[in-house]
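Read through the structure below, which is laid out as structure tokens, and then see the notes.
We use all heavy atoms of the structure for the numbers below, so side chains are in, but hydrogens, waters and symmetry mates are not. Here is how names work: the chains are called A, B, and so on, in the same order as the sequence lines, proteins then strands, and each is numbered from 1.
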2 protein chains.
Amino acid sequence: MKQRLAAIGTVETLPHRVAAFLSREIESGELNTGARLPTEQELSEKFGVSRNVVREAIAQLRADGMIEARQGIGAFVLAPEQRAAIRIDREALKDTHNMERLFELRCILEAESAALAATRRGKEHLDSIKAALDRMGGEERWEEGSIDADLLFHREIARATGNSYIHTFISFVCEQIRQSIHYARLTNPLHDLVEINVGEHVRIYDALVAGDPEAAEAAMRAHIIGAANRVGVKLPLSKTGGAK
Amino acid sequence: MKQRLAAIGTVETLPHRVAAFLSREIESGELNTGARLPTEQELSEKFGVSRNVVREAIAQLRADGMIEARQGIGAFVLAPEQRAAIRIDREALKDTHNMERLFELRCILEAESAALAATRRGKEHLDSIKAALDRMGGEERWEEGSIDADLLFHREIARATGNSYIHTFISFVCEQIRQSIHYARLTNPLHDLVEINVGEHVRIYDALVAGDPEAAEAAMRAHIIGAANRVGVKLPLSKTGGAK
DNA sequence: CAAGTTAAGTTGTAGGATGATATGTATCAC
DNA sequence: GTGATACATATCATCCTACAACTTAACTTG
């Protein structure tokens, strides 16, 4: 559990740096859609690295659907719509404003998913959700274990929708927020003692047990807005005061 | 030595295949979190490929935050929470059931985002949305240009929320659906003539102009459900009949 | 026994060689 | 001159070997 931090402080390898450079060039529009990249040889000379390194960098971009390499011709920049992956820049997570955007996206995803889960959850779903709830029950402060339990709680609800894509997306967004908060706490120790509001979680769980989609959605929305507030993010959602 | 793959006109490269294999092993749990991967040499022998190919495959998985490689030690499987990217398997898009799931996710994302856009859109947003609307206006059938205009319409609305993450996610999901439909049309020519319902788009646009979030959300929800139906997908959403 | 040294194993990088594929060019028959 | 075929070139795909950097464990030595 504790080697999580080791992973965050990733060592920059040469392929990663080359990929980041090319990626920025594409994002910034210096390499437009359809443009042909320099040959591997040219790139290896330009960066002063071996062709192997360039190939590993290109392999990354290719996996993301950013470029397409054709044997005998070259590598070309693909249209932004053809990306096969969503990738969120770690650096961007350190910006509080981005945290606000992430919370907003999370709220949209989770509120309605909670409503879906309320109508589709089976008994085993309720059991695993309850188990996660119990794990964070006793805690009043945000410690590692409680955060894990909190995220597990949300993931299990997402899983109860029966839609694997919803589960994937919610898990992803939640983890980005977790890391964003982690960065925020490093620079601002004030956030060090942020409580988890167990009551909000219980209300969500109760609505799921009752099979009441509207109550589940309202409870989830209130919870996420509350959670955002507790880390210093005000959510300017249109539905904040909606009577549900 | 083993050029069995080379003969086929493969779009699939060897690194991609190795990455897919390892990725499946990790997803299926055969390689648990924290487990160490075989050495590059062992993998290259196992798959009958060069170490270079293995390295390119590992570079992919590493970029996704799936594994972490440490010099002198080995490569280790990271926790699912540490994934830095969402990637949707192209093969999965060919399954109609997955298309249903994607539409469901899209509905969740776009409905509420439309409400947000209604309260935040500026004049320039409305202009670009209108431009996209005009581009598909004359067409009654789904042709490539109209599909592009349709997707642009939705992307511009997402952009009007002012939340770049929402824009990214919606663009991504829409593109996955486009490709999923593309596959479906290849195998089932019945879907060849599916009309775009311009009226539904106009209603969304009008609600955005009026700045009415609830009307925008309802119109968007109705549109996506309609669009799903027109390609043969029934959306079992909880709010389908909601009185708005 | 403790501390430093060495050796082996693994990933990171370099560089060259060969096969596969697309494109342009030159040659040759007519 | 025109068209088709063969050749040459450029580029990516893959393979191979070698060495550097790093980690671990065994070994040596005082």
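Atom pair B/Arg17:CZ and D/dT14:P shows a separation of 11 Å (rounding to whole Å applied). One atom, CZ of A/Arg36, and another, P of C/dT23, lie 11 Å apart when rounded to the nearest Å. Nucleotide C/dT11 holds its C1' atom 13 Å from the CD atom of B/Glu68, rounded to whole Å. Atom CD of A/Gln41 is separated from atom P of D/dT9 by 16 Å (rounded to the nearest Å). Protein atom CD of A/Glu40 is 18 Å distant from nucleotide atom P of C/dG19, rounded to whole Å. C/dT13 atom C1' lies 7 Å from atom CG of A/Leu14, rounded to whole Å. Atom pair A/Phe76:CZ and C/dT23:C1' shows a separation of 11 Å (rounding to whole Å applied).
Residue A/Ser50 has no polar side-chain atom (N or O) positioned under 4.0 Å from OP1 or OP2 of C/dT13.
Side-chain to base pairing of A/Asn52 with C/dG12: no donor and acceptor N or O lie closer than 3.5 Å to each other.
Side-chain N/O atoms of A/Asn163 and A/His167 include no donor and acceptor closer than 3.5 Å. Inspection of the A/His125 and A/Glu156 side chains reveals no N or O donor paired with an N or O acceptor under 3.5 Å.
B/Arg70 forms a cation-pi arrangement with B/Phe76, by the criterion of a distance under 6.0 Å to the ring centre and an angle within 45° of the ring axis.
Using a cutoff of 4.0 Å between basic side-chain nitrogens and carboxylate oxygens, B/Glu27 and B/Arg83 are scored as salt-bridged. Salt bridge status for A/Arg87 with B/Asp64: present, with a side-chain N to carboxylate O gap under 4.0 Å. Taking the charged nitrogens against the carboxylate oxygens, A/Arg55 and A/Glu40 do have a contact shorter than 4.0 Å, which makes a salt bridge. Taking 4.0 Å as the cut-off between side-chain N and carboxylate O, A/Arg178 and A/Asp148 count as a salt-bridged pair.
Counting all heavy atoms, side chain and backbone alike, A/Ala63 lies closest to A/Ala84 at O-CB, 4.1 Å. Across A/Ala75 and A/Ile67, no two heavy atoms sit closer than the pair CB-CD1, 4.4 Å.
Within residues 53-63 of chain B, the residues having any heavy atom closer than 4.0 Å to DNA chain C are, in order of number, B/Arg55, B/Arg62.
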(message) What does the B/S/- profile of nucleotides 20-26 of chain D look like, 5' to 3', with a 4.0 Å heavy-atom cutoff to protein?
(response) -BBS---
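Comparing A/Gly48 and A/Arg51 against DNA chain C, the residue whose closest nucleotide sits nearer the 5' end is A/Gly48.
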